[in-house]
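Computed from a predicted structure; not experimentally measured. As the structure lists them, so they are numbered: ligands from 1, and atoms in each ligand from 1.
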Amino acid sequence: MRLATVFILTLLLSGCTDDDQPVKDPYAFETPSNFPSPVYTFENNPVSKRGVELGQMLFYDPVLSLDSSIACANCHQQAVAFSDPVHRFSRGVDDAAGFRNAPAIQNMAFQNNFFWDGGVKHLDFVPINAVTSKIEMAETLEHVVYKLNRSSFYPQKFKAAFGGDEITSQQMLYALSQFMNLMISANAKYDKYVRGDEHLTAEEAEGLELFENKCRVCHATDLFTDDSFRNNGLDASFEKDSGRERITEFEGDRGKFKVPGLRNVALTSPYMHDGRFNTLQQVLDHYASNVKNSETLDPVLKQGESLGIRLSEQEKLKLIAFLNTLSDNEFTHDKRFANPFVK
Ligand code: HEC
Ligand code: HEC
(Lines give C-alpha, C1' and ligand atoms only; values in the text may rest on other atoms or scores of the structure.)
(Ligands and ions follow the chains in the order given, each with its own letter.)
Protein backbone atom coordinates (compact mmCIF):
# COMPACT_ATOMS: atom_id res chain seq x y z
CA MET A 1 0.00 0.00 0.00
CA ARG A 2 2.62 2.49 1.22
CA LEU A 3 5.01 1.49 -1.50
CA ALA A 4 2.39 1.94 -4.18
CA THR A 5 1.65 5.46 -2.93
CA VAL A 6 5.31 6.37 -2.92
CA PHE A 7 5.67 4.96 -6.39
CA ILE A 8 2.76 7.04 -7.73
CA LEU A 9 4.08 10.13 -6.00
CA THR A 10 7.51 9.63 -7.52
CA LEU A 11 5.90 9.27 -10.90
CA LEU A 12 3.99 12.52 -10.45
CA LEU A 13 6.98 14.41 -9.12
CA SER A 14 9.28 13.22 -11.85
CA GLY A 15 6.80 14.73 -14.27
CA CYS A 16 5.97 11.55 -16.15
CA THR A 17 2.67 10.00 -17.14
CA ASP A 18 2.29 6.25 -17.48
CA ASP A 19 3.36 6.41 -21.17
CA ASP A 20 6.59 8.01 -20.02
CA GLN A 21 5.61 11.19 -21.85
CA PRO A 22 7.02 14.26 -20.10
CA VAL A 23 4.17 16.38 -18.72
CA LYS A 24 3.89 19.55 -20.77
CA ASP A 25 4.64 22.85 -19.08
CA PRO A 26 1.43 24.79 -19.76
CA TYR A 27 3.41 28.04 -19.84
CA ALA A 28 6.07 26.96 -22.33
CA PHE A 29 5.70 28.30 -25.85
CA GLU A 30 5.43 25.43 -28.31
CA THR A 31 4.93 25.61 -32.06
CA PRO A 32 2.15 23.22 -33.16
CA SER A 33 3.52 20.61 -35.59
CA ASN A 34 1.33 21.81 -38.47
CA PHE A 35 2.27 25.52 -38.06
CA PRO A 36 5.05 27.52 -39.71
CA SER A 37 7.79 28.96 -37.46
CA PRO A 38 6.88 31.84 -35.15
CA VAL A 39 8.16 35.31 -36.02
CA TYR A 40 7.88 37.00 -32.63
CA THR A 41 11.20 38.20 -31.14
CA PHE A 42 11.28 35.80 -28.19
CA GLU A 43 14.98 36.54 -27.63
CA ASN A 44 13.98 39.91 -26.14
CA ASN A 45 10.91 38.70 -24.32
CA PRO A 46 10.70 34.98 -23.59
CA VAL A 47 7.41 33.56 -22.35
CA SER A 48 7.31 32.81 -18.62
CA LYS A 49 4.49 31.76 -16.31
CA ARG A 50 4.75 34.95 -14.26
CA GLY A 51 4.85 37.14 -17.33
CA VAL A 52 1.86 35.42 -18.92
CA GLU A 53 -0.20 35.61 -15.73
CA LEU A 54 0.60 39.28 -15.44
CA GLY A 55 -0.38 39.84 -19.06
CA GLN A 56 -3.60 38.00 -18.37
CA MET A 57 -4.43 40.40 -15.53
CA LEU A 58 -3.59 43.45 -17.63
CA PHE A 59 -5.71 42.16 -20.51
CA TYR A 60 -8.76 41.93 -18.27
CA ASP A 61 -8.13 45.07 -16.23
CA PRO A 62 -10.04 48.24 -17.19
CA VAL A 63 -7.38 50.28 -15.34
CA LEU A 64 -5.72 50.50 -18.76
CA SER A 65 -8.49 52.88 -19.90
CA LEU A 66 -9.07 56.53 -19.04
CA ASP A 67 -12.09 56.04 -16.79
CA SER A 68 -11.53 52.38 -15.88
CA SER A 69 -14.51 51.40 -18.01
CA ILE A 70 -12.91 49.34 -20.80
CA ALA A 71 -10.49 46.44 -20.73
CA CYS A 72 -8.90 44.77 -23.74
CA ALA A 73 -11.30 41.92 -23.03
CA ASN A 74 -14.34 44.14 -23.61
CA CYS A 75 -13.60 44.11 -27.32
CA HIS A 76 -11.75 40.78 -27.41
CA GLN A 77 -13.87 38.08 -25.74
CA GLN A 78 -12.58 34.59 -25.12
CA ALA A 79 -15.84 32.75 -25.90
CA VAL A 80 -15.55 33.97 -29.49
CA ALA A 81 -11.78 33.58 -29.92
CA PHE A 82 -11.17 37.08 -28.56
CA SER A 83 -13.22 38.89 -31.18
CA ASP A 84 -16.22 41.13 -30.53
CA PRO A 85 -19.55 39.35 -30.98
CA VAL A 86 -21.73 42.39 -30.41
CA HIS A 87 -20.41 45.38 -32.28
CA ARG A 88 -19.97 45.73 -35.99
CA PHE A 89 -17.67 48.68 -35.22
CA SER A 90 -15.90 48.45 -31.90
CA ARG A 91 -16.94 50.70 -29.00
CA GLY A 92 -14.46 52.34 -26.66
CA VAL A 93 -14.43 54.73 -23.72
CA ASP A 94 -17.59 56.88 -23.58
CA ASP A 95 -19.10 54.55 -26.15
CA ALA A 96 -16.92 56.18 -28.83
CA ALA A 97 -17.47 54.37 -32.12
CA GLY A 98 -14.49 52.94 -33.97
CA PHE A 99 -14.53 52.28 -37.70
CA ARG A 100 -13.39 48.69 -37.82
CA ASN A 101 -14.47 45.32 -36.53
CA ALA A 102 -12.32 43.90 -33.71
CA PRO A 103 -10.47 40.87 -35.07
CA ALA A 104 -9.88 37.62 -33.19
CA ILE A 105 -6.66 37.34 -31.18
CA GLN A 106 -5.03 33.96 -31.70
CA ASN A 107 -1.71 32.65 -33.04
CA MET A 108 -0.26 36.17 -32.85
CA ALA A 109 3.34 34.89 -32.46
CA PHE A 110 3.18 33.76 -36.09
CA GLN A 111 1.98 37.05 -37.53
CA ASN A 112 4.05 39.88 -39.05
CA ASN A 113 1.32 42.46 -39.59
CA PHE A 114 -1.26 43.68 -37.14
CA PHE A 115 -4.54 45.50 -37.72
CA TRP A 116 -6.63 45.22 -40.87
CA ASP A 117 -4.27 47.57 -42.68
CA GLY A 118 -0.99 46.34 -41.16
CA GLY A 119 -0.59 49.67 -39.36
CA VAL A 120 1.44 47.97 -36.62
CA LYS A 121 4.44 45.77 -37.41
CA HIS A 122 5.23 44.26 -34.04
CA LEU A 123 2.99 42.67 -31.42
CA ASP A 124 4.64 44.68 -28.62
CA PHE A 125 3.34 47.92 -30.16
CA VAL A 126 -0.30 46.86 -30.55
CA PRO A 127 -1.35 47.78 -26.98
CA ILE A 128 0.13 51.29 -27.37
CA ASN A 129 -2.44 51.87 -30.07
CA ALA A 130 -5.26 50.39 -28.04
CA VAL A 131 -4.42 52.28 -24.84
CA THR A 132 -3.90 55.67 -26.48
CA SER A 133 -6.60 55.53 -29.17
CA LYS A 134 -9.39 58.03 -28.50
CA ILE A 135 -11.87 55.50 -29.85
CA GLU A 136 -10.57 52.70 -27.64
CA MET A 137 -9.09 53.28 -24.19
CA ALA A 138 -8.26 57.02 -24.48
CA GLU A 139 -5.40 56.83 -21.94
CA THR A 140 -1.68 57.61 -22.06
CA LEU A 141 1.02 55.01 -21.42
CA GLU A 142 2.63 57.23 -18.78
CA HIS A 143 -0.60 57.49 -16.82
CA VAL A 144 -1.36 53.78 -17.02
CA VAL A 145 2.13 53.03 -15.72
CA TYR A 146 1.61 55.59 -12.94
CA LYS A 147 -1.65 53.87 -11.94
CA LEU A 148 -0.01 50.43 -12.01
CA ASN A 149 2.87 51.63 -9.81
CA ARG A 150 0.33 52.95 -7.31
CA SER A 151 -1.68 49.73 -7.17
CA SER A 152 -1.63 47.42 -4.18
CA PHE A 153 -0.63 44.30 -6.11
CA TYR A 154 0.91 45.10 -9.51
CA PRO A 155 4.36 46.30 -8.29
CA GLN A 156 5.04 42.97 -6.64
CA LYS A 157 3.77 40.99 -9.65
CA PHE A 158 5.92 42.99 -12.07
CA LYS A 159 8.95 42.59 -9.85
CA ALA A 160 8.43 38.84 -9.76
CA ALA A 161 8.11 38.69 -13.55
CA PHE A 162 10.75 41.18 -14.68
CA GLY A 163 12.78 42.30 -11.63
CA GLY A 164 13.38 46.00 -10.94
CA ASP A 165 11.64 48.23 -8.46
CA GLU A 166 9.51 50.31 -10.73
CA ILE A 167 7.05 49.22 -13.37
CA THR A 168 7.95 50.46 -16.84
CA SER A 169 5.77 50.73 -19.93
CA GLN A 170 8.02 48.25 -21.70
CA GLN A 171 7.39 45.65 -19.00
CA MET A 172 3.67 46.22 -19.40
CA LEU A 173 3.91 45.71 -23.17
CA TYR A 174 6.09 42.63 -22.71
CA ALA A 175 3.61 41.06 -20.30
CA LEU A 176 0.72 41.60 -22.71
CA SER A 177 2.77 40.11 -25.56
CA GLN A 178 3.68 37.08 -23.48
CA PHE A 179 0.02 36.52 -22.77
CA MET A 180 -1.00 36.92 -26.41
CA ASN A 181 1.90 34.77 -27.64
CA LEU A 182 0.66 31.88 -25.55
CA MET A 183 -2.83 32.23 -27.07
CA ILE A 184 -2.42 29.48 -29.65
CA SER A 185 -5.42 27.85 -31.23
CA ALA A 186 -4.33 24.54 -32.75
CA ASN A 187 -6.70 21.93 -31.36
CA ALA A 188 -9.72 22.17 -33.60
CA LYS A 189 -11.19 19.10 -35.26
CA TYR A 190 -9.26 20.11 -38.37
CA ASP A 191 -5.92 19.94 -36.50
CA LYS A 192 -6.78 16.54 -35.06
CA TYR A 193 -7.53 15.41 -38.60
CA VAL A 194 -4.22 16.83 -39.89
CA ARG A 195 -2.34 15.02 -37.12
CA GLY A 196 -4.14 11.79 -37.96
CA ASP A 197 -6.14 11.63 -34.73
CA GLU A 198 -9.63 12.17 -36.08
CA HIS A 199 -11.64 11.73 -39.30
CA LEU A 200 -13.62 14.35 -41.15
CA THR A 201 -17.14 13.52 -42.30
CA ALA A 202 -17.61 13.17 -46.06
CA GLU A 203 -19.16 16.64 -46.22
CA GLU A 204 -16.31 18.24 -44.23
CA ALA A 205 -13.70 16.47 -46.37
CA GLU A 206 -15.35 17.68 -49.57
CA GLY A 207 -15.48 21.17 -48.07
CA LEU A 208 -11.75 20.96 -47.34
CA GLU A 209 -11.05 19.98 -50.93
CA LEU A 210 -13.08 22.94 -52.20
CA PHE A 211 -11.20 25.15 -49.78
CA GLU A 212 -7.83 23.91 -51.05
CA ASN A 213 -8.86 24.70 -54.62
CA LYS A 214 -10.65 27.98 -54.18
CA CYS A 215 -9.55 29.69 -50.97
CA ARG A 216 -6.11 28.44 -49.94
CA VAL A 217 -4.27 30.79 -52.34
CA CYS A 218 -4.99 33.60 -49.90
CA HIS A 219 -6.02 31.79 -46.72
CA ALA A 220 -2.74 29.87 -46.80
CA THR A 221 -0.98 27.48 -44.40
CA ASP A 222 -2.61 26.14 -41.27
CA LEU A 223 -2.79 29.71 -40.00
CA PHE A 224 -5.21 30.27 -42.91
CA THR A 225 -3.57 33.50 -44.01
CA ASP A 226 -0.62 34.33 -46.23
CA ASP A 227 -0.10 37.49 -44.14
CA SER A 228 -0.59 39.65 -47.25
CA PHE A 229 -2.95 42.52 -48.07
CA ARG A 230 -5.54 41.98 -50.77
CA ASN A 231 -8.75 43.36 -52.15
CA ASN A 232 -11.39 40.64 -52.10
CA GLY A 233 -13.97 42.69 -53.96
CA LEU A 234 -16.21 43.97 -51.17
CA ASP A 235 -16.48 47.45 -52.73
CA ALA A 236 -15.83 49.30 -55.96
CA SER A 237 -14.81 52.56 -54.23
CA PHE A 238 -13.08 53.14 -50.93
CA GLU A 239 -13.93 56.56 -49.50
CA LYS A 240 -15.00 55.06 -46.18
CA ASP A 241 -11.86 53.03 -45.59
CA SER A 242 -9.03 52.74 -48.07
CA GLY A 243 -7.31 50.00 -46.03
CA ARG A 244 -3.63 49.42 -46.68
CA GLU A 245 -3.36 52.70 -48.62
CA ARG A 246 -3.81 54.56 -45.32
CA ILE A 247 -0.43 53.18 -44.24
CA THR A 248 1.59 53.07 -47.46
CA GLU A 249 -0.02 56.07 -49.22
CA PHE A 250 0.33 53.98 -52.37
CA GLU A 251 -2.67 54.02 -54.72
CA GLY A 252 -2.05 50.42 -55.67
CA ASP A 253 -2.90 49.46 -52.08
CA ARG A 254 -6.31 51.11 -52.11
CA GLY A 255 -9.01 48.83 -50.75
CA LYS A 256 -6.58 46.12 -49.70
CA PHE A 257 -6.95 44.57 -46.27
CA LYS A 258 -5.05 41.91 -44.38
CA VAL A 259 -6.11 38.38 -45.26
CA PRO A 260 -7.54 37.24 -41.92
CA GLY A 261 -6.72 33.81 -40.51
CA LEU A 262 -9.88 31.72 -40.41
CA ARG A 263 -9.40 29.78 -37.21
CA ASN A 264 -12.54 29.72 -35.06
CA VAL A 265 -14.25 31.53 -37.92
CA ALA A 266 -17.65 30.02 -37.08
CA LEU A 267 -17.45 31.99 -33.81
CA THR A 268 -16.05 35.32 -34.94
CA SER A 269 -18.96 36.99 -36.72
CA PRO A 270 -19.52 39.68 -37.82
CA TYR A 271 -17.08 39.30 -40.71
CA MET A 272 -14.72 41.51 -42.75
CA HIS A 273 -12.89 44.69 -41.66
CA ASP A 274 -16.19 46.51 -41.26
CA GLY A 275 -18.22 43.60 -39.92
CA ARG A 276 -20.67 43.83 -42.83
CA PHE A 277 -21.61 40.13 -42.91
CA ASN A 278 -23.24 38.25 -40.07
CA THR A 279 -23.05 34.71 -41.40
CA LEU A 280 -20.65 32.49 -43.32
CA GLN A 281 -23.42 31.97 -45.86
CA GLN A 282 -23.32 35.73 -46.57
CA VAL A 283 -19.53 35.58 -46.91
CA LEU A 284 -19.78 32.79 -49.47
CA ASP A 285 -22.63 34.55 -51.30
CA HIS A 286 -20.25 37.48 -51.58
CA TYR A 287 -17.44 35.42 -53.11
CA ALA A 288 -19.86 33.59 -55.44
CA SER A 289 -21.97 36.44 -56.76
CA ASN A 290 -21.18 39.89 -55.34
CA VAL A 291 -17.50 40.50 -55.98
CA LYS A 292 -17.08 44.07 -57.23
CA ASN A 293 -14.54 45.13 -59.79
CA SER A 294 -11.95 47.88 -59.18
CA GLU A 295 -8.36 48.72 -60.10
CA THR A 296 -6.99 46.77 -57.17
CA LEU A 297 -9.33 43.75 -57.14
CA ASP A 298 -7.16 40.69 -56.59
CA PRO A 299 -6.34 38.93 -59.88
CA VAL A 300 -7.37 35.60 -58.33
CA LEU A 301 -10.94 36.92 -58.24
CA LYS A 302 -10.86 38.27 -61.79
CA GLN A 303 -10.67 35.44 -64.31
CA GLY A 304 -11.43 36.93 -67.73
CA GLU A 305 -14.88 38.51 -67.71
CA SER A 306 -16.17 36.64 -64.69
CA LEU A 307 -15.61 37.95 -61.19
CA GLY A 308 -15.45 36.02 -57.93
CA ILE A 309 -15.35 32.31 -57.17
CA ARG A 310 -17.80 29.95 -58.82
CA LEU A 311 -19.69 28.09 -56.07
CA SER A 312 -22.95 26.11 -56.17
CA GLU A 313 -25.32 26.22 -53.20
CA GLN A 314 -24.26 22.70 -52.30
CA GLU A 315 -20.60 23.62 -52.43
CA LYS A 316 -21.26 26.53 -50.09
CA LEU A 317 -22.77 24.14 -47.54
CA LYS A 318 -19.76 21.86 -47.79
CA LEU A 319 -17.40 24.78 -47.32
CA ILE A 320 -19.32 25.88 -44.25
CA ALA A 321 -19.16 22.34 -42.84
CA PHE A 322 -15.39 22.48 -43.30
CA LEU A 323 -15.06 25.96 -41.77
CA ASN A 324 -16.89 24.65 -38.72
CA THR A 325 -14.05 22.16 -38.15
CA LEU A 326 -11.80 25.14 -37.36
CA SER A 327 -13.59 25.83 -34.06
CA ASP A 328 -11.32 25.08 -31.12
CA ASN A 329 -13.34 24.52 -28.00
CA GLU A 330 -10.22 24.07 -25.87
CA PHE A 331 -8.96 27.51 -26.84
CA THR A 332 -12.20 29.27 -26.04
CA HIS A 333 -12.38 27.54 -22.64
CA ASP A 334 -8.70 27.57 -21.69
CA LYS A 335 -8.35 28.80 -18.09
CA ARG A 336 -4.94 30.30 -18.85
CA PHE A 337 -6.71 32.88 -21.01
CA ALA A 338 -9.81 33.43 -18.87
CA ASN A 339 -10.64 36.44 -16.71
CA PRO A 340 -8.39 36.06 -13.63
CA PHE A 341 -10.50 38.45 -11.57
CA VAL A 342 -13.57 36.18 -11.47
CA LYS A 343 -12.88 33.08 -9.47
C1 HEC B 1 -12.69 49.48 -28.07
C2 HEC B 1 -12.39 48.14 -28.51
C3 HEC B 1 -10.98 47.62 -28.36
C4 HEC B 1 -10.21 47.60 -27.22
C5 HEC B 1 -10.53 48.15 -25.85
C6 HEC B 1 -9.01 46.91 -27.58
N7 HEC B 1 -9.05 46.52 -28.89
FE8 HEC B 1 -7.67 45.41 -29.85
N9 HEC B 1 -8.60 45.80 -31.59
C10 HEC B 1 -9.79 46.47 -31.76
C11 HEC B 1 -10.01 46.75 -33.15
C12 HEC B 1 -11.21 47.47 -33.75
C13 HEC B 1 -8.91 46.23 -33.84
C14 HEC B 1 -8.64 46.33 -35.35
C15 HEC B 1 -8.06 47.72 -35.60
C16 HEC B 1 -7.75 48.02 -37.03
O17 HEC B 1 -7.62 47.08 -37.81
O18 HEC B 1 -7.62 49.19 -37.37
C19 HEC B 1 -8.04 45.62 -32.83
C20 HEC B 1 -6.86 44.92 -33.11
C21 HEC B 1 -6.10 44.26 -32.16
C22 HEC B 1 -5.00 43.35 -32.44
C23 HEC B 1 -4.49 42.96 -33.83
C24 HEC B 1 -5.08 41.64 -34.28
C25 HEC B 1 -4.72 41.34 -35.71
O26 HEC B 1 -4.87 40.17 -36.12
O27 HEC B 1 -4.32 42.24 -36.45
C28 HEC B 1 -4.51 42.93 -31.24
C29 HEC B 1 -3.34 41.97 -31.02
C30 HEC B 1 -5.27 43.60 -30.21
N31 HEC B 1 -6.23 44.38 -30.81
C32 HEC B 1 -5.00 43.51 -28.86
C33 HEC B 1 -5.58 44.37 -27.92
C34 HEC B 1 -5.07 44.57 -26.56
C35 HEC B 1 -3.88 43.86 -25.96
C36 HEC B 1 -5.89 45.48 -25.97
C37 HEC B 1 -5.78 46.08 -24.59
C38 HEC B 1 -4.54 46.78 -24.31
C39 HEC B 1 -6.91 45.83 -26.95
N40 HEC B 1 -6.67 45.15 -28.12
C41 HEC B 1 -7.96 46.70 -26.70
C42 HEC B 1 -10.63 46.84 -30.72
C43 HEC B 1 -10.24 46.97 -29.41
C1 HEC C 1 -7.89 36.85 -53.27
C2 HEC C 1 -7.66 36.41 -51.92
C3 HEC C 1 -8.81 35.70 -51.23
C4 HEC C 1 -9.49 34.56 -51.63
C5 HEC C 1 -9.30 33.74 -52.90
C6 HEC C 1 -10.42 34.26 -50.58
N7 HEC C 1 -10.32 35.19 -49.57
FE8 HEC C 1 -11.43 35.26 -47.90
N9 HEC C 1 -10.63 37.07 -47.41
C10 HEC C 1 -9.66 37.73 -48.13
C11 HEC C 1 -9.46 39.06 -47.58
C12 HEC C 1 -8.46 40.10 -48.07
C13 HEC C 1 -10.37 39.17 -46.51
C14 HEC C 1 -10.59 40.44 -45.63
C15 HEC C 1 -11.31 41.46 -46.47
C16 HEC C 1 -11.77 42.69 -45.71
O17 HEC C 1 -12.14 42.61 -44.54
O18 HEC C 1 -11.79 43.77 -46.33
C19 HEC C 1 -11.09 37.90 -46.44
C20 HEC C 1 -12.06 37.62 -45.49
C21 HEC C 1 -12.68 36.38 -45.36
C22 HEC C 1 -13.57 36.02 -44.29
C23 HEC C 1 -13.94 36.92 -43.10
C24 HEC C 1 -13.08 36.58 -41.91
C25 HEC C 1 -13.19 37.54 -40.76
O26 HEC C 1 -12.60 37.25 -39.71
O27 HEC C 1 -13.84 38.59 -40.86
C28 HEC C 1 -13.96 34.74 -44.51
C29 HEC C 1 -14.88 33.91 -43.63
C30 HEC C 1 -13.34 34.31 -45.73
N31 HEC C 1 -12.57 35.32 -46.24
C32 HEC C 1 -13.50 33.04 -46.29
C33 HEC C 1 -13.05 32.71 -47.55
C34 HEC C 1 -13.41 31.49 -48.23
C35 HEC C 1 -14.27 30.39 -47.67
C36 HEC C 1 -12.82 31.55 -49.48
C37 HEC C 1 -12.95 30.59 -50.62
C38 HEC C 1 -14.30 30.37 -51.08
C39 HEC C 1 -12.05 32.79 -49.53
N40 HEC C 1 -12.22 33.46 -48.34
C41 HEC C 1 -11.27 33.18 -50.60
C42 HEC C 1 -8.98 37.21 -49.22
C43 HEC C 1 -9.37 36.10 -49.94
Side-chain angles (χ1 to χ4, degrees), residues 55 58-62 64-65 69-76 81-84 87 89-93 96-108 111 113-120 123 126-131 133 135-139 144 172-173 176-177 179-180 183 207 210-211 213-220 224-226 228-235 241 243 246 255-266 268-277 279-280 282-284 286-288 291 297-302 308-309 311 315-316 319-320 322-323:
L58 295 167
F59 191 87
Y60 283 93
D61 196 335
L64 266 59
S65 66
S69 63
I70 303 264
C72 308
N74 280 58
C75 300
H76 298 288
F82 299 95
S83 64
D84 184 342
H87 304 105
F89 298 111
S90 65
R91 291 287 174 147
V93 161
F99 68 112
R100 293 210 178 124
N101 185 248
I105 303 181
Q106 51 193 348
N107 306 331
M108 288 290 120
Q111 204 167 291
N113 298 296
F114 302 90
F115 294 176
W116 284 102
D117 53 19
V120 174
L123 184 59
V126 170
I128 304 180
N129 259 273
V131 168
S133 163
I135 51 174
E136 293 187 13
M137 302 168 110
E139 251 293 11
V144 170
M172 180 183 90
L173 300 174
L176 281 165
S177 284
F179 176 60
M180 292 191 281
M183 287 162 62
L210 286 164
F211 189 87
N213 293 330
K214 299 178 188 267
C215 318
R216 198 67 110 166
V217 226
C218 302
H219 296 286
F224 295 92
T225 171
D226 64 355
S228 73
F229 300 89
R230 301 185 186 236
N231 171 355
N232 70 342
L234 294 172
D235 295 299
D241 192 343
R246 288 166 56 96
K256 293 188 181 174
F257 292 86
K258 194 176 68 186
V259 177
L262 299 180
R263 289 191 163 272
N264 292 300
V265 71
T268 61
S269 91
Y271 302 111
M272 305 299 170
H273 67 274
D274 58 2
R276 69 177 65 191
F277 300 133
T279 64
L280 289 172
Q282 288 169 341
V283 170
L284 295 179
H286 159 72
Y287 281 117
V291 166
L297 175 63
D298 200 279
V300 171
L301 299 172
K302 197 170 3 184
I309 299 173
L311 288 172
E315 288 176 322
K316 289 179 193 169
L319 272 168
I320 292 172
F322 163 67
L323 292 171

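- H76 has its closest N, O or S atom to atom 8 (Fe) of ligand 1 at the position named NE2.
- Nearest to atom 1 (C) of ligand 1 among the protein's heavy atoms is C75 SG, 2.8 Å.
- For atom 10 (C) of ligand 1, the nearest non-hydrogen atom from the set E139, M180, E136, M108 comes from E136.
- Atom 33 (C) of ligand 2 has Y287 CE1, 3.3 Å as its closest protein atom, hydrogens excluded (heavy atom only).
- For atom 37 (C) of ligand 1, the nearest non-hydrogen atom from the set G55, A71, C72, S65 belongs to C72.
- Heavy atoms only, all atoms of each residue included: V259 and F224 are closest at CG1-O, 4.5 Å.
- Taking a cut-off of under 4.0 Å to the non-hydrogen atoms of I70, the atoms of ligand 1 that pass are 5 (C).
- The N/O atoms of R100, backbone and side chain alike, include one that comes under 3.5 Å of an N/O atom in ligand 1.
- In terms of polar-atom proximity, H273 is counted as a contact of ligand 2, with an N or O under 3.5 Å from an N or O of the ligand.
- With distances taken over non-hydrogen atoms, the option nearest atom 34 (C) of ligand 2 out of S228, G261, C215, P260 is C215.
- Under 4.0 Å from ligand 2, not a single heavy atom of N101 appears.
- For ligand 2, the polar-atom distance check finds no N/O of K258 at less than 3.5 Å from any of the ligand's N/O atoms.
- The closest side-chain donor-acceptor pair between N232 and Y287 falls under 3.5 angstrom.
- Among protein heavy atoms, the minimum distance from atom 30 (C) of ligand 1 is reached at V126 CG1, 3.5 Å.
- Listed by number with element, the atoms of ligand 1 under 4.0 Å from a non-hydrogen atom of G92 are 1 (C).
- Here the protein heavy atom with the shortest distance to atom 23 (C) of ligand 1 is F115 CD2, 3.8 Å.
- Distance from atom 17 (O) of ligand 1 to its nearest protein heavy atom, with residue and atom name: W116 N, 2.7 Å.
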